Visitor: 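Before anything else, here's the structure in question.
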Number of protein chains: 2
Amino acid sequence: MNVDETAPQKGTVTQRAIERIKAMIAEGRLEPGQRLPTERDLAVQLGISRSSMREAIRALTVLGVLEARHGSGIYVTQLEAGDLLETFGVVADLSRGPRLVELLEVRRILESTATALAAARITPDQLAEVEKHLTAMNATDDPEEILAHDLAFHREIAAAAGNETMAAILEGLSSRTFRARVWRGYQEEGAFARTRREHAAIHRALVAHDPEAARAAAAAHVGEVEEWLRAQLGG
Amino acid sequence: MNVDETAPQKGTVTQRAIERIKAMIAEGRLEPGQRLPTERDLAVQLGISRSSMREAIRALTVLGVLEARHGSGIYVTQLEAGDLLETFGVVADLSRGPRLVELLEVRRILESTATALAAARITPDQLAEVEKHLTAMNATDDPEEILAHDLAFHREIAAAAGNETMAAILEGLSSRTFRARVWRGYQEEGAFARTRREHAAIHRALVAHDPEAARAAAAAHVGEVEEWLRAQLGG
DNA sequence: GCGACTGTATTGGTCGGACCACCTCGCTGG
DNA sequence: CCAGCGAGGTGGTCCGACCAATACAGTCGC
């Protein structure tokens, strides 16, 4: 009896609106950077209220697919790795216990590969940037500053690997709050010296353009934290 | 003049609400599985309207952090890898061009490692499950069915690796629509036979509990698709 | 003529209330 | 004791109004 071609009626209207917009982007009807119709128009087009449409837009906003500019309009993001993988940080921030170890394991795998790729491809300019953060990291005692340069150190290396997607994932796995949470206890145990040695080893491998050495050094670096955390949880 | 300690006034009220709830979970004030106050109560607690609160809840729902049950209440999910990494599929679905190659590269790295781990750890029961899908995959000509068993084949292997987080990421990287999009063209070029050989090689390595062979076979398997896609884009 | 300014229309952000759909659970009656 | 029912609670949807930031055109002053 219901021959209405526009109403399959599955799930909430908001959920359907999210899928519709996602589909429009996937099919290429909405290009990156393009501006969408206004919330009011979109609501009319999809036959739903503005409230529901706003929920759908908000959902796609937090996913990094859309971007709302107050007073201007709603735009499709560039759909680059960084935009879409920002939510990866949420995973890292909310994970606890055994899952933290699993996340570090994933990071070890990706970071070691990224560092190996970087060793083969890194340019002098990129290497100079890496060295800048390495030097700054060793020149201060402020934990906050150390952490910041530590993050930048690895970020530059990931960028030099030439895979933006991988770099974005690693960025999420190394989110500020995540590292701060895990590293606080780790560094308190006097791991500064060891960390410096490991960073120096990674740097040497990059300078020598030696992928295998870089892979091993990076794996050992992350593995150290991984093992420490495993021991913490194991009791 | 404004000495109100609860209003730093940065960003939209909805965004602040999202952060507040995330913080409550991160600090352990909200446990996995626990039920939240009602939307109306939460809105009052945070001093915002129900509309804004609903947007915040919707945002956390699509991120896999919260789950809303109509007529019952809002609950914190188990915060397991699967819940939180479901959004990873969105990334895969909306990525195009060079980013697809990058995603496959990430998958190759993780899948080869996961397969190597599985080779060392897989149990007879898990191996039987893998074989079931391998057999079913080779016994039909229906592309849909082949794809389904192909996905299940790799899913079982990822599960046997013992790292749920890695399995969840691989699940996202192999989402149905993603594989369907990429594999359609690939399989049209008569790659069935090669795919079968590669699956057989992976299976042999699992049976032999040979991690290195498993790693190589899996890397080659994903690498084949990766190279094909690279050629498609480059030429 | 040209740039800075202003004011107005547009657009996202917030709010409050109303009603609907679904679930839960206690009450009722057999 | 249990099946069935009904009221209350809760999320889902809709509406209309107003606020706040932006964009743009028209205006003013130099």
Side-chain angles (χ1 to χ4, degrees), chain A residues 1-2 4 6-22 24-25 30 32-77 83, chain B residues 1-2 4 6-22 24-25 30 32-77 83:
Chain A
M1 37 207 77
N2 183 354
D4 191 337
T6 67
Q9 288 288 18
K10 53 179 176 183
T12 70
V13 291
T14 301
Q15 198 61 40
R16 266 180 287 158
I18 294 174
E19 297 301 330
R20 290 278 296 269
I21 297 177
K22 264 173 52 182
M24 280 193 273
I25 295 174
L30 287 177
Q34 183 177 341
R35 187 188 148 172
L36 276 69
T38 70
E39 294 180 345
R40 295 164 174 88
D41 289 346
L42 272 175
V44 172
Q45 283 182 29
L46 300 193
I48 66 179
S49 73
R50 193 186 162 205
S51 311
S52 301
M53 176 55 69
R54 274 190 60 79
E55 284 188 30
I57 292 170
R58 171 71 62 179
L60 291 170
T61 296
V62 300
L63 290 179
V65 176
L66 299 181
E67 179 192 2
R69 301 179 204 160
H70 193 166
S72 175
I74 306 162
Y75 301 80
V76 181
T77 67
D83 301 325
Chain B
M1 40 207 77
N2 183 354
D4 190 335
T6 67
Q9 287 288 19
K10 54 179 176 182
T12 68
V13 292
T14 302
Q15 198 60 40
R16 265 180 288 158
I18 294 174
E19 298 301 330
R20 289 280 294 271
I21 297 178
K22 265 173 51 182
M24 279 195 272
I25 296 175
L30 286 177
Q34 183 177 343
R35 186 189 148 172
L36 277 68
T38 71
E39 295 180 345
R40 294 164 175 86
D41 289 346
L42 273 175
V44 172
Q45 283 183 29
L46 300 193
I48 65 180
S49 71
R50 193 187 162 203
S51 310
S52 301
M53 177 54 70
R54 273 191 61 77
E55 284 187 29
I57 292 170
R58 171 70 64 179
L60 291 170
T61 296
V62 301
L63 289 179
V65 176
L66 298 182
E67 179 191 3
R69 300 181 203 159
H70 192 168
S72 175
I74 306 163
Y75 301 80
V76 182
T77 67
D83 301 324

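Chain letters run A, B, ... following the sequence lines, proteins first and then strands; every chain starts at 1. Hydrogens, waters and symmetry mates play no part in the numbers below; they use all other heavy atoms, side chains included. Source: prediction; values computed, not measured.
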Visitor: Which whole-number value in Å describes the distance from A/Q15 CD to D/dG11 C1'?
Guide: 14 Å
Visitor: Can you find a heavy atom in the side chain of A/L63 that is under 4.5 Å from one in the side chain of B/L63?
Guide: yes
Visitor: Among residues 52-66 of chain B, which contact DNA chain C at a heavy-atom distance under 4.0 Å?
Guide: B/S52
Visitor: Side chains of A/V76 and A/L66, heavy atoms from C-beta outward: is any pair under 4.5 Å?
Guide: yes
Visitor: Please walk me through it: do B/R58 and B/E55 pass salt bridge (charged side-chain N to carboxylate O under 4.0 Å, His left out)?
Guide: CA-CA 5 Å; B/R58 171 70 64 179; B/E55 284 187 29; over 6 Å; no
Visitor: Hey, could you give me the CD1/CZ distance between A/I48 and A/R20, rounded to the nearest 0.5 Å?
Guide: 9.0 Å
Visitor: Taking CZ from A/R16 and C1' from D/dT13, how many angstroms apart are they, rounded to a whole number?
Guide: 11 Å
Visitor: Show each protein N/O and nucleotides 16-18 of chain C N/O combination with a separation under 3.5 Å, one pair to a line.
Guide:
residue : atom : partner : partner atom : Å
C/dG16  : O6   : B/S51   : OG           : 3.3
C/dA18  : N6   : B/R50   : NH1          : 3.4

Visitor: Should the pair B/K22-B/E19 be classified as a salt bridge under the 4.0 Å nitrogen-to-oxygen rule?
Guide: yes
Visitor: Report the distance from atom CD1 of A/I74 to atom C1' of C/dT10, rounded to the nearest whole Å.
Guide: 13 Å
Visitor: Send over the distance from B/E67 CD to D/dG11 C1', rounded to a whole Å.
Guide: 13 Å
Visitor: Rounded to the nearest 0.5 Å, what's the gap from OG1 on A/T12 to CD1 on A/I18? Could you check?
Guide: 7.0 Å
Visitor: Look up atom CG in A/L36 and atom CG in A/D41, then write down how far apart they are to the nearest 0.5 Å.
Guide: 11.0 Å
Visitor: Would you mind reading off the distance between B/E39 atom CD and D/dG12 atom C1', rounded to a whole angstrom?
Guide: 8 Å
Visitor: What closest approach, in Å, do B/P37 and B/I74 show between heavy atoms, and which atom pair accounts for it?
Guide: O-CD1, 4.4 Å
Visitor: Would you kindly compare A/R69 and A/G47 by the position of their nearest DNA chain D nucleotide and give the one closer to the 5′ end?
Guide: A/G47
Visitor: Quick one: CZ on B/R54 to CZ on A/R54, what's the gap to the nearest 0.5 Å?
Guide: 13.0 Å
Visitor: Which heavy atom of A/M53 sits nearest to which heavy atom of A/E39, and what is that distance?
Guide: CG-O, 3.9 Å
Visitor: CG of A/L30 to CD1 of A/I21: how many Å apart, nearest 0.5 Å?
Guide: 8.0 Å
Visitor: Anything under 3.5 Å between a protein N or O and an N or O of nucleotides 3-9 of chain D, put it in a table, one pair a line.
Guide:
residue : atom : partner : partner atom : Å
D/dG9   : N2   : B/G71   : O            : 3.3

